[in-house]
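So that the names make sense, note that chain A is the first sequence line, chain B the second, and so on, each numbered from 1.
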Amino acid sequence: MHDIRLLRDQMAHLREGMRRRGKLEELTPLLDRAEALEKERRDSIRVAEEAQAERNRISQDVAKRRRAGEDADALMAEGRAIGERIAALETRRQAVESEVSDILLQLPNLTLEEVTEGGEEANRVVRTWGTTREGDVGIAPHWEVGERLGVLDLPRGAKIAGSGFIVYRGGGARLVRALMNFMLDLHVEEHGYEELWVPLLVNRATLTGTGQLPKFEEDMYAVPSDDLFLIPTAEVPVTNLYRDEILEPGDMPRAFVAFSACFRREAGSAGKDTRGLLRVHEFDKVELVRYATPETSRAELELLTSHAETVLQRLELPYRVLQLAAGDTGFSSAMTYDLEVFAPGVGKWLEVSSCSVFTDFQARRANIRYRAATGEKPRFVHTLNGSALAFSRIIAALLEQHQQPDGSVRVPAALQPYLGRDTLR
RNA sequence: GGACAGGUGGCUGAGCGGUUGAAAGCACCGGUCUCGAAAACCGGCAUACCGGCAACGGUAUCGAGAGUUCGAAUCUCUCCCUGUCCGCCA
């Protein structure tokens with residue numbers, strides 16, 4: 001969410017930001033409306049507050065007369081009339097304010113200067129790592145090798161829950177557990193993150209804080225009887241950890257890592273990438289979240305991304321890093337790197353991580369602040385997050401990239417102590 | 001799920017429906033005293049928004065929301081949270 005003050009004194013800047021995302025034409029009516037409403041909002045505040053001040057004066061007079069034993073009926077009648085006027089003004093003011101904030105919630109974040117303009121086609125590969133097995137013949141897609149090795153049981157997953165719900169078994173089940181421990185240990189012990197274990201069910205206030213609500217309610221699994229939702233990512237509970245709080249000097253920066261299952265209805269993507277593990281309703285993920293100061297957040301994006309990359313390197317999976325163009329950058333993000341790993345069995349680059357800096361866009365919405373020094377005014381933190389990493393696509397990539405001619409799968413050295421074996425066969 | 005008891009400023013804790021933004025204490029900041037410190041004393045000390053160059057003025061906020069009233073921290077209702085006891089349960 002943007003600062004409402006932008007509507008007052010930085011309209012040109014705001015319009016330019018929308019243009020860079022390729023959204024100016026679409027959003028111009030909203031921007032114009034918001035600019036006018038903000039003016040009306042301030043006018044209506046002034047008028048309503050003047051009426052309230054008068055009512056307060058009258059009430060004081062009533063009290064004074066009462067104490068003096070004088071008659072106050074006329075004043076009370078006047079107060080009643082003003083009360084009605086105030087109610088009307090308040091109603092109007094609330095309508096204006098809620099329309100402004102509705103619009104504000106629909107405007108995407110401003111991307112950083114260095115983010116290139118344009119849509120998906122303007123995404124830039126900033127670096128690659130490792131050698132892909134693109135073109136190697138005879139590499140089976142992960143669902144085939146997974147079923148053959150007995151590590152995946154897709155039909156039974158579909159039976160007990162539905163398509164897009166996975167049963168891992170034997171070495172596959174242990175692989176999930178191994179990935180969890182491997183990634184958490186790496187980030188805690190080598191990268192300095194605080195480990196968290198968080199609820200998978202969260203309330204509306206939390207989802208509103210990170211922006212899933214009110215706009216994306218349809219994308220989530222819900223428990224209506226208790227008004228709770230299954231989290232689509234650990235970003236939601238973790239970023240909200242300090243919602244409505246002020247961090248004191250010395251509490252910054254913060255770095256959190258959490259494992260969680262993630263639940264996505266994928267309502268709009270039926271029929272796309274439905275085979276195997278590429279797009280599922282429930283998957284596991286280790287998520288990194290950082291609270292930074294405005295001065296360091298840009299540099300922390302590089303740091304966070306490098307932490308996610310380390311996981312891929314240790315798993316010996318070739319990958320590339322994409323810097324997303326403004327038009328492809330997510331709604332709340334100011335700058336995003338996507339990490340894509342190559343899966344030779346399906347012949348595709350798979351997105352396994354998205355590392356973003358949100359500037360103060362999320363923090364304003366979730367009201368997460370910090371004090372740089374004792375006595376100073378609180379400022380909004382800058383939030384960052386990135387997956388490190390999402391399991392199901394990583395498992396797909398492992399089953400394909402490390403597939404041997406005999407159909408077995410080599411386990412990368414970093415994972416062997418966690419998995420207790422060097423080959424899945 | 002049931003029964004009680006609560007939710008007031010950074011903390012503790014007062015608060016008859018009418019100068020209560022809110023007593024008092026602690027903490028914190030400044031000053032006096034002191035070689036310095038402690039103690040003592042004096043003063044200051046919430047946030048947000050609106051208007052104003054500013055001084056300052058105004059409005060709102062006592063868990064959240066709605067209501068009663070000329071006027072609500074104080075009365076009514078709904079919800080949320082915390083504590084204790086009971087029930088149920090991995």
Keeping Ser333(A) on the side-chain end and Gly330(A) on the backbone end, is there a donor-acceptor pair under 3.5 Å? no

Go through rG51(B), rG18(B), rG58(B) for me and flag the one nearest to the Glu49(A) side chain. rG58(B)

rA60(B), rG18(B), rG51(B): which one has an atom nearest the side-chain heavy atoms of Gln52(A)? rA60(B)

Do you know which of Gln401(A), His402(A), Arg410(A) makes side-chain hydrogen bond (donor to acceptor under 3.5 Å, both in side chains) with Glu316(A)? Arg410(A)

Gap between atoms CZ and P, on Arg204(A) and rC79(B) respectively (whole Å): 17 Å

Taking rA5(B) as the reference, what is the distance to rG21(B) when you measure between their C1' atoms (whole Å, please)? 28 Å

Presence of Arg55(A) side-chain N/O under 4.0 Å of rC70(B) phosphate oxygens OP1/OP2: no

With rounding to the closest Å, how many angstrom separate the P atoms on rU59(B) and rG1(B)? 43 Å

Atom-to-atom span, CG of Asp3(A) to P of rA48(B) - whole angstrom: 13 Å

Nearest-Å distance for atom pair CG/P, residues Asp226(A) and rC79(B): 15 Å

Kindly point out which of rC49(B), rC70(B), rU59(B) is positioned nearest to the side chain of Asn56(A)? rU59(B)

At less than 4.0 Å, is any side-chain N or O atom of Arg46(A) found next to OP1 or OP2 of rG51(B)? Yes or no. no

Can you tell which of rC50(B), rG18(B), rC70(B) lies closest to the side chain of Arg42(A)? rC50(B)

Rounded to whole Å, how long is the line connecting atom CD of Glu78(A) with atom C1' of rC70(B)? 10 Å

Roughly how many Å apart are rG58(B) and rG9(B), using the P atom of each and rounding to a whole number? 25 Å

Roughly how many Å is it from CD in Glu245(A) to P in rU47(B), rounded to a whole number? 18 Å

Which class fits the ring pair His191(A) and Tyr193(A): parallel under 30°, tilted 30 to 60°, perpendicular over 60°? perpendicular

How many whole angstroms separate atom CD of Gln60(A) from atom C1' of rU20(B)? 11 Å

So, do Phe256(A) and Tyr291(A) have ring centers that fall under 6.0 Å from each other? yes

Spacing between Met76(A) atom CE and rG17(B) atom P, to the nearest angstrom: 17 Å

When you measure from the side-chain N and O atoms of Arg57(A) to the phosphate of rG58(B), is any distance below 4.0 Å, counting only OP1 and OP2? no

Donor-acceptor side-chain pairing of Ser332(A) and Gln362(A) below 3.5 angstrom: no

